[in-house]
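Count residues from 1 along the sequence. Read the numbers this way: they start at 1 and go in the same order the structure lists the ligands and their atoms.
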Amino acid sequence: MTYIGTATSRVDGHAKVTGAALYAAEAKASDLAHGSVVVSTIAKGRIARIDVSDALRVDGVIDVLTHTNRPRMADADSGYKDDVAPDGSPFRPLYDDRILFDGQPVALVVADDPETAQFAASLVRVDYDKEPHVTDMQRRRDAASALKATAEPGANPFAPPKPRGNAETALAAAAVRHQGEYSVPIEHHNPIELYASTVMYEPDGHLTVYDKTQGVQNVQRYLCGVLELAPDRVRVLSPYTGGAFGSGLRPQYQAVLAALAALALRRSVRVVLTRQQMYGLGYRPAMIQRIELGAGADGTLGAIAHDAVTVTSRYERFYRQETGWSGLLYQCPNATYAHELAPLDLPTSCDMRAPSAATGVYALECAMDELAVALSLDPLDLRLRCYSDRDQIADRPYSSKNLRECYRRGAEAFGWDKRNPKPRSMRDGSELVGWGMATGVWEAMQAPIAVRIALTANGHAEVSCATSDIGTGTYTIMAQVTADMLGLPLDNITVKLGDSTLPQSPVEGGSWIAASVANGIATTSDSIRRELLDLAKQVPNSPLADLAPDDAGLADGKIVSHKNPAHAVSIADAMRYGGVGRIEHEQATHFSKDESHSHNTHSAVFAEVKVDEELGIIRVTRVVNAVAAGRILNTKTASSQILGGVVWGIGMALHEETLLDHTFGRFMNSNIAEYHVPVNADIHDVEVIFVEEPDDHLNRLGIKGLGEIGIVGVAAAIANAVYHATGRRVRDLPITLDKVLP
Ligand code: MOS
């Protein structure tokens, strides 16, 4: 293979850096009107009255849409259920007078230009009948109104795992115990690209929607459901996405608002959310996790009890499985898990990069570090003593698990063996130096997908699939895999994605698209290859005449015999003799359910922090992240994914936190000045290592997918390093300087 496994630069890089790549808020449309959203200023209650008269008097204002004058929308919840909606009753934008959270859209002002719309939006007056709200997780938890996150076993993959053995007895008998409570605050997605939709009202009444999303077909179905439109009336495109990582898995409300306005006005409408309004979308749920570990004096785990309380809205039960990760990582015969939800008067929480693992493994890996201290063991040594070659939850081996090699290579690159175990023992001038480590784990998932390939006689191929590229490099890996499967140069491949009319794709998330689409390309390429072989056999004196369908491959623009590489016919000749100008195939790929193995990716993260002893300022000066994630399709984009995950992990450890004013039930720091994310000055030396991990069970190309694994373990490694530097154990993120000062 020529391109798979190489450091191929992004095929869409040029379009992106030159601005040729147009995002949802830039799609070219004529006669475009602009919508500005008015949001609620209470967290719960009803709209008593909306006065839009001042807004309507502004020159250039076309209309103001509210729940009182909007076009018809579906009445049943089913109309609002998108492909990845959790249980519950989905939020309906502009549907009625009910207010479910602060920052909820209550009106859309449409004007000839965005500035006029925004100004007029400030003139809309809303009177409310307020009702008492609760936005404080601790209050909800204390009131014992939390819901158990225990869907029917098997029915919901996110239900906590079943217990093993008897954790209570084993904990009581353990030689060494550690118990701790770890908390993660609400974190908000802050992608550079604002959520936006440009809805073009076509002359025949069709809607062409340019949307920022991770799933064009999800948005297409959703809009048809909400607006009760026939499927062929709506087409959704998202050729480029400026970062999403969970926030774009579910359709966002600006798409509905823009579509409602387009239908009402029979005109194209664009709605771009402000940064502040984006805090009214989903967020990583705040959570409190309690972990109890019991170990023998030899450092083998006897028992784990892990429970979590996570935040959701009052109207939907969003949760992921925070608590079961230890069952994948560590040998431990006794375990219990529990998970409760704290429903608050907030928007529904949502997925954010490695949802549940980023947070659940944070708690687990800090607890393991504390256990290592209690046992006077090196933290890495403790992990190795507890290493598990089996998934104890599903009770089966892994299709592959090269975590040992991650530990070894990561430790070596980091210089872990030079660590003095004593806290506060390492220094660099006025700074305390701390070294910490943690493990990461994520899932290797794949989902049914369809891919179309059209090959023309000049040796060019167009590969298409409705998947998104959320910035991870999907365009590039699709081009690489197609080039290798068809034996063509990379430059001869055109990739089309992000269009709901293209072959079926799931939403791009969970790190499952690379494996899914690459194997989808391989399936469709087989059909192309077989047809080419049939044509090649008809060439006069064909050296391939006797070959069986799978005895030939494609390489260097030729159909080549596997038995004798000298026997070959060029693709151009085969198509010319056959009188065929274009070969096109579309095929769906289904992945057989491998119940005999578990499929996961793993990592070992090593972090160095330097903490100013007097000021408490923490710098993450070095991170080594060693990853085992099956076959790496592109070492350049893959490294970038892991690097980005490390940066996000640094944010999680030290910076990110959405703060609520419970009096108003409102997010207070809804901007990127006060919601802190790492900037260049916060990022120092980050090294990414990929270890070899052949995997024959998962899929024919041995691809596991990666991206999310990059963040998992990072916050724990940093928290553990901060402990090592300062002797201070901070269990509630983010670790701000006030928490480490004496
Ligand atoms: Mo995934 S939570 O869409 O990064």
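Here CG of Asp499 is found 10.5 Å from OG of Ser468. Values are rounded to the nearest 0.5 Å.
Here is the list of ligand 1 atoms found below 4.0 Å of a heavy atom in Leu249: 3 (O). Atoms of ligand 1 lying under 4.0 Å from any heavy atom of Gly509, numbered from 1 in the order shown and given with element: 3 (O). Within the listing of ligand 1, atoms 2 (S), 4 (O) sit less than 4.0 angstrom from a heavy atom of Arg353. Contact atoms of ligand 1 toward Gln214: 3 (O) (distance under 4.0 Å to a heavy atom of the residue). For ligand 1, the atoms lying closer than 4.0 Å to a non-hydrogen atom of Asp351 are 2 (S). Near Glu708, meaning under 4.0 Å from any of its heavy atoms, are these atoms of ligand 1: 1 (Mo), 2 (S), 4 (O). Every atom of ligand 1 with a heavy atom of Pro355 under 4.0 Å away is listed here by number and element: 2 (S). Atom numbering of ligand 1 starts at 1 in the shown order; those under 4.0 Å from a heavy atom of Gly510 are 1 (Mo).
Any N or O atom pair closer than 3.5 Å counts here, and Gly246 shares at least one such pair with ligand 1.
The side-chain contact (heavy atoms from CB on, under 4.5 Å) test applied to Thr523 returns Gln587, Thr589, not counting sequence neighbours. Residues passing the side-chain contact (heavy atoms from CB on, under 4.5 Å) test with Arg731 are His178, Tyr182, Glu370, Arg729, sequence neighbours excluded.
Under 4.0 angstrom from ligand 1, there are no non-hydrogen atoms of Ile470.
In this pair, Tyr279 and His188 present their aromatic rings tilted. The plane angle is within the 30 to 60° band.
A centroid separation of less than 6.0 Å is found between the aromatic rings of His339 and Tyr319.
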Worksheet entry | Full working for side-chain hydrogen bond (donor to acceptor under 3.5 Å, both in side chains) between Tyr675 and Glu656 | CA-CA 6 Å; Tyr675 183 95; Glu656 293 193 54; 2.5 Å; yes
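When only modelled atom types and interatomic distance are considered, Glu316 and Thr348 share a side-chain donor-acceptor pair under 3.5 Å.
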